[in-house]
Protein chains: 2
Amino acid sequence: MDRVPEQTINRLPIYLRCLVQAASLNMPVINSLGLAQMAGTNAAQVRKDLSYLGELGTRGIGYDVEALIAHISGELGLTASRRVAIVGFGRLGGSLLGYSGFSERGFDIVAVFDADPAKIGTSVGGVRVRSIDELESGLAEEAIEIVLLTTPADVAQAVADRVVAAGVCAILNFAPVTLDVPDGVKVRPVDLSVELQVLSFHLARMTQEA
Amino acid sequence: MDRVPEQTINRLPIYLRCLVQAASLNMPVINSLGLAQMAGTNAAQVRKDLSYLGELGTRGIGYDVEALIAHISGELGLTASRRVAIVGFGRLGGSLLGYSGFSERGFDIVAVFDADPAKIGTSVGGVRVRSIDELESGLAEEAIEIVLLTTPADVAQAVADRVVAAGVCAILNFAPVTLDVPDGVKVRPVDLSVELQVLSFHLARMTQEA
DNA sequence: TGATGTGAAGTATTTCACAGCA
DNA sequence: TGCTGTGAAATACTTCACATCA
């Protein structure tokens with residue numbers, strides 16, 4: 001089987017979300033057009049994307065919703081829950097810990113690290129805040145697979161280096177810096193200012209063209 | 001001049017951030033390789049991207065940092081601050097209102113809407129929470145250009161329809177649904193569960209291949 | 001019959017490689 | 001000389017169109 005294109009990977013969680021909704025509406029089967037309309041794309045794209053995962057549909061019929069949910073979940077590695085840590089427990093880190101959407105989707109936040117002595121040792125939502133000094137040991141102890149990096153920008157790279165050295169291969173980076181990590185480590189940047197600036201670009205274009 | 005490719009637009013805010021940092025380090029000039037290293041890309045990409053904006057560099061030298069900041073800021077429409085509204089004032093909406101990074105970059109949150117009578121009329125951070133019933137009039141009154149959509153998923157499409165009908169052309173969508181909007185309206189989805197699932201895919205691939 | 005799966009065509013994006021200019 | 005700007009090549013992705021098969 002060929003490698004799955006990056007853009008296809010980005011759409012798989014969207015398809016999964018749509019399929020779960022279809023299942024909740026008691027649709028046993030969905031075709032590529034129906035899924036495309038829910039996901040905001042087109043039928044050919046859906047078929048091509050799903051074809052990278054195998055021959056999952058039935059010609060003349062479409063895709064079995066439950067079977068496709070199971071298959072995509074498997075591809076996304078969602079069969080077991082994943083152990084997640086928050087590094088940097090400021091305002092944003094606190095919000096993320098409180099967000100129920102993660103555990104609902106199998107992402108369990110089981111460790112929190114911060115440098116502030118006033119926070120260390122306190123417990124929030126059943127999770128104890130650890131010292132950043134215990135980062136390496138704590139990540140190993142808790143068998144962390146994914147780190148949510150929410151430190152201030154000026155220490156993000158240094159903390160990321162330690163996280164990577166501790167063996168973590170997946171980082172969701174909320175700090176407004178581009179992280180430099182070795183091959184094999186996946187970083188997804190989340191930067192709302194970047195998103196707003198992209199929207200602003202389009203607004204500027206519109207008013208200019210009109 | 002040719003249209004700027006979408007992927008280039010996505011990188012412009014990154015370049016801008018790197019340039020601002022370079023300026024803070026008192027670098028008067030930066031070359032494509034230096035900017036590429038800061039931005040996590042390569043020199044050819046930087047030159048190609050910037051070439052869509054015009055001939056901004058000096059051969060043999062590089063790019064004047066301040067001039068390039070000014071130019072990219074202009075392209076991104078950041079010369080004046082932009083008026084932003086939060087629609088859906090739950091936990092997430094509250095966090096976003098409290099985030100200082102927006103106003104620092106010229107995005108001013110000047111209106112907040114919610115459906116909960118307990119919240120309507122209260123003031124947070126100098127902004128009064130308005131009833132969702134006043135959505136259309138409020139968006140017009142405050143001359144809102146960008147909406148941060150943070151409603152529950154099940155009403156997100158309906159609210160988005162009203163936001164679009166009120167003339168807003170840019171939406172940052174935090175609801176875990178794919179919004180259907182007319183041509184000319186730009187939506188940027190922000191879904192942390194999707195991001196985590198993409199990371200999970202790569203983790204699954206790694207363990208499988210190893 | 002009707003919808004999938006997929007080569008092939010069409011686009012978009014990235015990278016190369018070097019002419020051109022300060 | 002050294003770095004930008006840019007056609008051209010290479011690669012990646014999307015869309016088309018239709019053979020294929022339940």
Side-chain angles (χ1 to χ4, degrees), chain A residues 1-15 18-19 22 27-69 71-72 75 178 183 198 201-202 205, chain B residues 1-15 18-19 22 27-69 71-72 75 178 183 198 201-202 205:
Chain A
M1 185 181 71
D2 229 18
R3 201 184 115 275
V4 183
E6 200 64 27
Q7 305 290 4
T8 295
I9 298 169
N10 292 339
R11 282 187 292 267
L12 291 180
I14 308 295
Y15 295 147
C18 296
L19 288 164
M27 297 170 59
V29 169
I30 194 166
N31 63 26
S32 57
L33 180 59
L35 185 49
Q37 287 172 340
M38 293 181 82
T41 179
N42 62 69
Q45 181 83 82
V46 167
R47 291 200 302 276
K48 183 64 97 177
D49 283 342
L50 296 181
S51 76
Y52 290 110
L53 310 185
E55 302 200 8
L56 305 177
T58 308
R59 288 162 204 248
I61 304 291
Y63 301 89
D64 181 277
V65 171
E66 289 298 343
L68 195 48
I69 287 174
H71 201 100
I72 295 180
E75 285 288 334
T178 302
D183 284 358
V198 171
F201 175 93
H202 290 290
R205 275 287 148 124
Chain B
M1 185 181 71
D2 229 18
R3 201 184 115 275
V4 182
E6 199 66 26
Q7 305 290 3
T8 295
I9 298 168
N10 293 339
R11 283 187 292 267
L12 290 180
I14 309 294
Y15 295 148
C18 296
L19 289 164
M27 296 170 62
V29 169
I30 195 167
N31 63 27
S32 58
L33 179 59
L35 186 48
Q37 287 171 341
M38 293 181 81
T41 179
N42 63 69
Q45 181 85 83
V46 167
R47 292 201 301 276
K48 182 65 96 180
D49 282 342
L50 296 181
S51 76
Y52 290 111
L53 310 184
E55 302 199 8
L56 305 176
T58 309
R59 289 161 205 248
I61 305 290
Y63 301 89
D64 181 276
V65 171
E66 289 299 343
L68 194 49
I69 287 174
H71 201 99
I72 294 181
E75 285 289 333
T178 303
D183 284 357
V198 171
F201 175 93
H202 290 291
R205 275 285 150 127

| Would A/Val46 and A/Asn31 satisfy side-chain contact (heavy atoms from CB on, under 4.5 Å), going step by step from the backbone distance to the final call? | CA-CA 9 Å; A/Val46 167; A/Asn31 63 26; over 6 Å; no

Of the non-hydrogen atoms in [X] and [Y], which two are nearest, and what is the gap between them?
| X | Y | value |
| --- | --- | --- |
| B/Ala36 | B/Asn42 | CB-C, 3.3 Å |
| A/Ala39 | A/Ile14 | CB-CG2, 4.0 Å |
| B/Cys18 | B/Met38 | O-CE, 3.4 Å |

* Asked: To the nearest 0.5 Å, what is the distance between CG (A/Leu56) and CG (A/Asp49)?
  ->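 If I round to the nearest 0.5 Å, the distance is 11.5 Å.
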
Practice task
Supply the atom-to-atom distance A/Met27 CE to A/Asp64 CG, rounded to the nearest 0.5 angstrom.
Solution key: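 With rounding to 0.5 Å, CE (A/Met27) is 11.5 Å from CG (A/Asp64).
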
Selection from [options] that lies nearest to any side-chain heavy atom of [X]:
| X | options | value |
| --- | --- | --- |
| A/Glu6 | D/dC13, C/dG7, C/dA3 | D/dC13 |
| A/Asn31 | D/dT14, C/dT4, D/dT6 | C/dT4 |
| B/Lys48 | D/dC13, D/dT14, D/dA8 | D/dA8 |

(request) For A/Leu50, answer base if it contacts any base atom (sugar-phosphate contacts may also be present), sugar-phosphate if it contacts only those atoms, and nothing otherwise; contact means non-hydrogen atoms under 4.0 Å. (result)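 Result for A/Leu50 = nothing.
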
Heavy atoms under 4.0 Å, any strand shown: does A/Ser32 hit a base, just sugar-phosphate, or nothing?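 It contacts sugar-phosphate atoms only.
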
- prompt: So, is B/Gln45 close to the C/dT15 phosphate, meaning a side-chain N or O under 4.0 Å from OP1 or OP2?
  reply: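 So the side-chain polar atoms of B/Gln45 do come within 4.0 Å of the phosphate oxygens OP1 or OP2 of C/dT15, strictly under.
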
Contact under 4.0 Å: B/Arg11 side-chain N or O vs C/dT14 OP1/OP2 |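 For B/Arg11, the contact criterion (side-chain N or O under 4.0 Å from OP1 or OP2 of C/dT14) is met.
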
task = Decide side-chain contact (heavy atoms from CB on, under 4.5 Å) for B/Ile30 and B/Tyr15; before the verdict, give the C-alpha distance in whole Å, the side-chain angles of both, and the deciding distance to 0.1 Å.
result = CA-CA 11 Å; B/Ile30 195 167; B/Tyr15 295 148; over 6 Å; no

- Message: Just to be sure I understand the geometry, which residues of residues 58-69 of chain A put a non-hydrogen atom under 4.0 Å away from DNA chain C?
- Response: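 Heavy-atom cutoff 4.0 Å gives A/Thr58, A/Arg59, A/Gly60, A/Ile61, A/Gly62, A/Tyr63.
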
Note to self: Test side-chain contact (heavy atoms from CB on, under 4.5 Å) on B/Leu53 and B/Leu12; report intermediate values, then the result.
What the structure shows: CA-CA 10 Å; B/Leu53 310 184; B/Leu12 290 180; 3.9 Å; yes

Rounded to the nearest Å, what distance is computed from the [atom1] atom of residue [X] to the [atom2] atom of nucleotide [N]?
| X | N | atom1 | atom2 | value |
| --- | --- | --- | --- | --- |
| B/Leu12 | C/dT13 | CG | P | 13 Å |
| A/Asp49 | D/dT15 | CG | P | 10 Å |
| A/Leu56 | D/dC21 | CG | P | 17 Å |
| A/Ile9 | D/dA12 | CD1 | P | 13 Å |
| B/Arg47 | C/dC18 | CZ | C1' | 10 Å |
| B/Ile30 | D/dT4 | CD1 | P | 10 Å |

- prompt: Got a sec? Which of residues 33-42 of chain B come in under 4.0 Å of DNA chain D, heavy atoms?
  reply: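 The answer is none.
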
For this session: Go through the steps for A/His202 and B/Ile9 under the test side-chain contact (heavy atoms from CB on, under 4.5 Å), then give the verdict.
Result: CA-CA 9 Å; A/His202 290 290; B/Ile9 298 168; 4.0 Å; yes

**Asked** Between A/Gln7 and A/Ala44, which has a closest nucleotide on DNA chain D that is more 5'?
**Response**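 First, find each residue's nearest nucleotide; the 5'-ward one identifies A/Gln7.
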
